[in-house]
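Remarks on the structure that follows.
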Amino acid sequence: MALLELSGVHVHYGMIEAVKGISLSVGDGEIVTLIGGNGAGKTTTLKTISGLKRTSKGRIRFKEKDIGSVPAHRIVEMGIGHAPEGRRIFARMSVRENLEMGLYAAGRQTAKSTEAFDRVYALFPILQERKAQAGGTLSGGQQQMLAIGRALMTTPTILMLDEPSMGLAPNLVERIFEIILEINKQGTTVLLIEQNAHMALSIASRGYVIESGRIVLEDSARALLGNDQVRKAYLGEE
Ligand code: ATP
């Protein structure tokens, strides 16, 4: 039984249909990636899982419960963490306060907070060093770490990451992907959206290719890395 399952999900922005009948599943403990170009519908899919957008048709199940009409704050409490596109950190709040927002979002009691802080600071020691600094003064890579850290503070069963490599230098991209692997090894399931298909497929077990709101390919990450269509369109190979 899948941990998370989308069946025939459609999502609209007014008259525009951004997601056109997507079905996908994520098993407990997996890293699954959604790859696709600009405007393919990846971000909309994650927002819909989080309850920030609603389906116009189709079903979303998490831990065997239908979550299609569950409010976003309840979805966080149920165990879906989301590090959104563009990081969305609170620039004037300190690093520590940004992380606390994750705790509040999940309605966690203080008893759990030490554990959550310890985990995040062990994964991202720089956040502990800079805990009193305003979020907005961090570098791009550190802000990405803070966005991931804030999502982890909710102690999610599944962590959804929207373009964690965006705007980062190659060495930092590698570091972020190593940390995603580490988070997964600690037992957190990961659903990862990426334009950097090569990096995403190198850590994922399975992947889906989305074009114009539809899934056009699904396979093991290894098979997708060797797929001609994927190599040409997403890996920049001839
Ligand atoms: P990107 O990597 O550029 O974010 P994406 O695959 O995440 O791409 P989405 O952001 O989900 O794609 O966008 C899917 C489609 O929905 C696009 O055609 C986009 O123009 C449209 N769209 C996204 N957000 C809105 C919005 N707020 N209002 C209207 N249309 C939108």
Side-chain angles (χ1 to χ4, degrees), residues 4-26 31-60 62 67-69 71-72 75-76 80-89 140-141 143-144 146-148 150-151 156 158-170 172-173 176-177 180 190-204 206-219 221 224-225 227 229-236:
L4 174 71
E5 193 161 33
L6 276 63
S7 326
V9 168
H10 293 253
V11 187
H12 285 79
Y13 293 97
M15 298 292 285
I16 301 166
E17 189 175 34
V19 170
K20 302 169 184 164
I22 280 184
S23 298
L24 61 86
S25 68
V26 184
I31 299 182
V32 172
T33 185
L34 307 184
I35 58 179
N38 276 330
K42 306 180 299 298
T43 296
T44 303
T45 302
L46 287 205
K47 282 187 177 167
T48 308
I49 297 168
S50 282
L52 302 170
K53 278 289 297 171
R54 290 294 171 204
T55 57
S56 29
K57 208 174 146 194
R59 204 170 69 162
I60 306 178
F62 176 62
I67 58 165
S69 50
I75 290 178
V76 181
I80 299 185
H82 187 173
E85 185 176 34
R87 296 147 200 165
R88 304 282 164 99
I89 62 155
Q143 289 192 14
Q144 185 60 65
L146 182 53
I148 299 173
R150 187 180 54 193
I158 180 166
L159 174 65
M160 303 198 298
L161 301 166
D162 194 338
E163 303 260 3
S165 76
M166 189 158 55
L168 303 185
L172 263 176
V173 172
I176 292 281
F177 275 80
I180 297 170
V190 174
L191 178 58
L192 168 68
I193 284 189
E194 260 302 333
Q195 293 217 19
N196 189 334
H198 198 274
M199 286 303 286
L201 290 171
S202 69
I203 64 163
R206 292 189 302 115
Y208 294 86
V209 179
I210 302 191
E211 283 175 11
S212 308
R214 291 191 176 88
I215 289 170
V216 294
L217 264 179
E218 60 176 286
D219 215 327
L224 289 175
L225 275 170
N227 179 291
Q229 199 182 332
V230 173
R231 291 166 81 106
K232 279 192 198 128
Y234 301 106
L235 302 175

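Position 1 is the first residue of the sequence; numbering continues from there. For ligands, and for the atoms within them, numbers begin at 1 and follow the listed sequence. Hydrogens, waters and symmetry mates play no part in the numbers below; they use all other heavy atoms, side chains included.
In terms of modelled atom types and a separation under 3.5 Å, the side chain of S202 and the main chain of M199 share a donor-acceptor contact. Under the 3.5 Å distance criterion, the side-chain polar atoms of T44 are left unmatched by any main-chain donor or acceptor of A18. Under a 3.5 Å cut-off, the side chain of E194 and the backbone N or O of S165 do form a donor-acceptor pair. Y234 places no side-chain N or O within 3.5 Å of a backbone atom of Q229 that could act as its donor or acceptor partner.
Looking at V11 and R54, their side chains never come closer than 4.5 Å, going by heavy atoms from C-beta outward.
Listed by chain and number, residues touching ligand 1 at under 4.0 Å (heavy atoms only) are Y13, A18, G37, N38, G39, A40, G41, K42, T43, T44, E85, E163, Q195.
Rounded to the nearest 0.5 Å, atoms CG (L224) and OH (Y208) are 10.5 Å apart.
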